[in-house]
Amino acid sequence: ETGVTQSPTHLIKTRGQQVTLRCSSQSGHNTVSWYQQALGQGPQFIFQYYREEENGRGNFPPRFSGLQFPNYSSELNVNALELDDSALYLCASRPGMDNSPLHFGNGTRLTVT
Amino acid sequence: QKEVEQNSGPLSVPEGAIASLNCTYSDRVSQSFFWYRQYSGKSPELIMSIYSNGDKEDGRFTAQLNKASQYVSLLIRDSQPSDSATYLCAGWAGSYQLTFGKGTKLSVIP
């Protein structure tokens with residue numbers, strides 16, 4: 001069974017640019033969520049997609065947006081990058097909306113200069 | 001009160017000792033809790049889930065949940081240098097947000 005895969009692994013962008021991060025969910029998982037983890041902090045919830053609709057959002061500005069596709073893969077888009085957006089971005093999937101734990105992909109390390 | 005709080009450490013224990021990691025949570029967080037281990041530069045890896053009051057054991061790991069005190073703990077017996085990592089406590093706040101503590105950094109000294 002293939003787990004959650006994320007791409008790219010590392011990314012360097014300049015302030016003001018836009019970035020797209022990608023996530024393939026685990027087979028059979030229709031719920032995907034994205035988290036941002038700054039250095040020395042726990043992961044912070046960005047948003048969640050369930051059956052292609054955003055159904056939950058954390059305290060992040062609108063320049064953080066996303067998509068979920070019919071095959072349940074997902075994208076995270078960040079516009080107008082700021083230096084504070086430098087972080088590890090984590091994607092996780094789960095089967096539905098129950099209280100099961102999240103299993104994360106390997107993450108994308110974004111550096112904004 | 002933050003939703004999930006952990007002592008950030010660092011916590012240092014000698015090899016072979018018991019490491020005790022603690023976490024408290026607010027009313028906003030549900031009764032499902034998880035411990036993740038995160039090595040430097042890597043993503044969090046689930047090591048324990050606990051859903052009901054009491055203890056749950058898995059190999060060298062024991063998770064404890066005390067709902068009355070809103071307290072979750074993780075014990076690691078016979079600590080090994082390979083256990084050196086940051087341990088994250090997490091619980092569901094609603095049906096879509098897994099809320100994490102800042103993590104406790106554990107160092108096991110050979």
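A note on names: the letters A, B, ... follow the listed sequences, proteins ahead of strands, and every chain is numbered from 1. Keep in mind the model is a prediction, meaning the values are calculated, not measured.
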message = To check you understand the geometry: which heavy-atom pair defines the closest contact between A:Leu81 and A:Leu110, and what is its length?
response =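 Where A:Leu81 meets A:Leu110 most closely, the heavy atoms are CD2-CD2, 4.0 Å.
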
ask   = Where is the tightest heavy-atom contact between B:Val4 and B:Gly91, given as atom of each residue plus distance?
value =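 Heavy-atom minimum between the residues: CG2-N, 4.5 Å.
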
Assigning hydrophobic clusters by single linkage (Ile, Leu, Val, Met, Phe, Trp, Tyr; side-chain heavy-atom cutoff under 4.5 Å), is [X] placed with [Y]?
X        : Y       : value
A:Leu67  : A:Leu76 : no
A:Leu83  : A:Ile46 : yes
A:Phe104 : A:Phe45 : yes
B:Phe61  : B:Leu21 : yes
B:Leu46  : A:Leu90 : yes

task = Under 4.5 Å heavy-atom distance to chain B, tell me which part of A:Leu102 shows up: side chain, backbone, both or neither.
result =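 Contact with chain B involves both backbone and side-chain atoms of A:Leu102.
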
List, with distances to 0.1 Å, the donor-acceptor pairs found between chain B and chain A - the cut-off being under 3.5 Å and no angle criterion applied.
unit_1	atom_1	unit_2	atom_2	d
B:Ser32	OG	A:Asn99	ND2	3.4
B:Tyr36	OH	A:Leu102	N	3.1
B:Tyr36	OH	A:Leu102	O	2.6
B:Gln38	OE1	A:Gln37	NE2	2.8
B:Gln38	NE2	A:Gln37	OE1	2.7
B:Ser43	OG	A:Gly105	O	2.8
B:Trp92	NE1	A:Asn99	O	3.2
B:Trp92	NE1	A:Ser100	O	3.3
B:Ser95	O	A:Arg94	NH2	2.6
B:Leu98	N	A:Tyr35	OH	2.9
B:Leu98	O	A:Tyr35	OH	3.4

request  = Enumerate the residue pairs fulfilling salt bridge (charged side-chain N to carboxylate O under 4.0 Å, His left out) with a member in residues 88-98 of chain B, sequence neighbours excluded, ordered by first and then second residue.
outcome  =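 Found none.
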
request  = Pick whichever of A:Gly58, A:Gly42, A:Pro43, A:Gly105 has the most heavy-atom pairs under 4.5 Å with chain B.
outcome  =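 The candidate making the most pairs under 4.5 Å is A:Pro43.
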
Heavy-atom pairs under 4.5 Å with chain B, option from A:Pro101, A:Gly107, A:Gly56, A:Ala92 with the top count =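 Option with the greatest count: A:Pro101.
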
task = Spell out the residues in residues 71-82 of chain B that have some non-hydrogen atom less than 4.5 Å away from a non-hydrogen atom of chain A, in order of number; otherwise answer 'none'.
result =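 Residues in range: none.
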
query = Using non-hydrogen atoms only, which part of B:Leu88 is less than 4.5 Å away from chain A: side chain, backbone, both, or neither?
reply =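 Just its side chain gets close to chain A.
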
ask   = What pairs of residues pass the disulfide (SG to SG under 2.5 Å) test when at least one of them lies in residues 41-86 of chain A, not counting sequence neighbours?
value =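 Listed by first then second residue: nothing to list.
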
A:Leu39 atom CG: more than 12 heavy-atom contacts under 6.0 Å =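 No.
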
key: A:Ile12 atom CD1, over 12 foreign heavy atoms within 6.0 Å   =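 Incorrect, the count does not exceed 12.
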
